[in-house]
> 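To start, I am sharing the structure in question, which I have written as structure tokens.
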Amino acid sequence: MQSAVRLNFLAFFLPLLLPFSACSLDVPAPAPPDAKQVYATAETDPVRSRDDAADDPAIWINAQNPQASLVIGTDKQSGIEVYDLQGNRVQFIAAGLTNNVDLRPFPAGSQWSALAAASNRSANTISLFVVDSRGSLTWLRDSEIATGMVEVYGLCMFQNDAGMQVFVNGTDGSYQQWGLTMVPSGLSDEPVQFQAELLREFSVPSQPEGCVADDTQERLFLGVEEEGIRTLSARHDASTAMQSVMDIDGTILFADVEGMSLYESGDGGYLVVSSQGNYSYAVYDRLPPFAYRGSFVVVDRGDEQVDGTEETDGLTVTSVNLGADYPDGLVVIQDGANHLPRKNQNFKYVSWREIATALDL
Ligand code: CA
Ligand code: CA
Ligand code: CA
Ligand code: CA
């Protein structure tokens, strides 16, 4: 009886107290009943900024030495952080309010290894960063892309026969698709410059954030935070008609739908999506009809070293063999509550093999 009274008391007052306690989490909805538990193998250093700061990761593959690949993560209050596969911070760029980040490699033989892009709320721009052969990033301030959006939010990259492209969305539901062309750096003292051309615009009815493009299938997946997962052609000259992958159902997907990424395996593979409201991750087939393959949660390992993940914003996946710890690839997941002990937010590394085994993929 006493505990019931206490629960009622908490149920009444907790929602009132939470907004005043910056580090508290929202009370999660229950995870899907069949969600499988996995552990993180490693975690990154905490981001510089306090409170809600870490947001979205991307993985740079070191083609010469995959074990020396790096993770790029946003601190949405400070800039871009880069970590090695042990989680040590190896670079920080004070680029401002960078929210989402993505990356695409250049073809072999290029002067640069990859191009990274980030949505930047400091001036509602897209910031570009070239990555050299050792994984060092250079911010191209002279190539900043002004979106004209009231508030830039989600971002993902795409590459097809029309070249390197960026999708960016605003909190108002508007999307822009930009084509990027490398140009001689001219008067700039930066090593390279990019010209951006607006290729296409479309919109969704309410706030979106997470997105991922499938380059070979030329398909864009996007998350409308309180509605569900949608997909459409990623080609700038194609129809913007959308199809639903899954609506928020209150069991598998709880608002917000957040980060999403692809595990690419030949022509097949999986789409992994953060169901932020119940601290879980839903896995779907990469190809239509996008069958649901199961959900997982990342729980505390119990050795007081690496904690589980809660209230995740962004995540990213690679199927590349990154060495003994990640032989079938790596999932990097933003952790909304980095504890054991409590520190600033960070990113967790989960071996794909654990997930594939748990979900029988
Ligand atoms: Ca969001
Ligand atoms: Ca955690
Ligand atoms: Ca976010
Ligand atoms: Ca921790």
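Numbering of ligands and ligand atoms starts at 1, following listing order.
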> Against the six-membered ring of Tyr270, is Arg293 placed for a cation-pi contact (under 6.0 Å from the centre, within 45° of the normal)?
no
> Can you tell me the N, O or S atom of Glu209 that's nearest the Ca ion (ligand 1)?
OE1
> Give the total of protein N/O/S atoms at a distance below 3.0 Å from the Ca ion (ligand 4).
5
> Strictly under 3.0 Å, is any N, O or S atom of Glu258 next to the Ca ion (ligand 1)?
yes
> Kindly indicate, with the supporting measurements, whether the criterion side-chain contact (heavy atoms from CB on, under 4.5 Å) is fulfilled by Ile248 and Val257.
CA-CA 8 Å; Ile248 285 179; Val257 171; 3.9 Å; yes
> Between Asn344 (side chain) and Ser49 (backbone), is there a donor-acceptor pair under 3.5 Å?
yes
> Tell me whether the Ca ion (ligand 1) has Tyr153 as a neighbour, meaning an N, O or S atom of it below 3.0 Å.
yes
> State plainly whether one hydrophobic cluster holds both Ile229 and Phe290, where clusters connect Ile, Leu, Val, Met, Phe, Trp and Tyr through side-chain heavy atoms under 4.5 angstrom apart.
yes
> Looking at Ser274 and Thr312, would you say the former's side chain and the latter's main chain have a donor-acceptor pair under 3.5 Å?
yes
> With a cut-off of 3.0 Å, does Asp313 place any N/O/S atom under that distance from the Ca ion (ligand 1)?
no
> To check you understand the geometry: which heavy-atom pair defines the closest contact between Asp56 and Leu315, and what is its length?
OD1-N, 3.8 Å
> What is the ring orientation for Phe158 with Phe167, classed by angle as parallel under 30°, tilted 30 to 60°, or perpendicular over 60°?
tilted
> Where do Asp214 and Gln217 come nearest, in terms of heavy atoms and distance?
OD1-N, 3.1 Å
> Would you name the N/O/S atom of Glu225 that lies closest to the Ca ion (ligand 1)?
OE2
> I need the O(Ala337)-the Ca ion (ligand 2)-OE1(Glu310) angle, rounded to 10 degrees.
80°
> Regarding Asp307 and Lys348, does a basic nitrogen lie under 4.0 Å from an acidic carboxylate oxygen?
yes
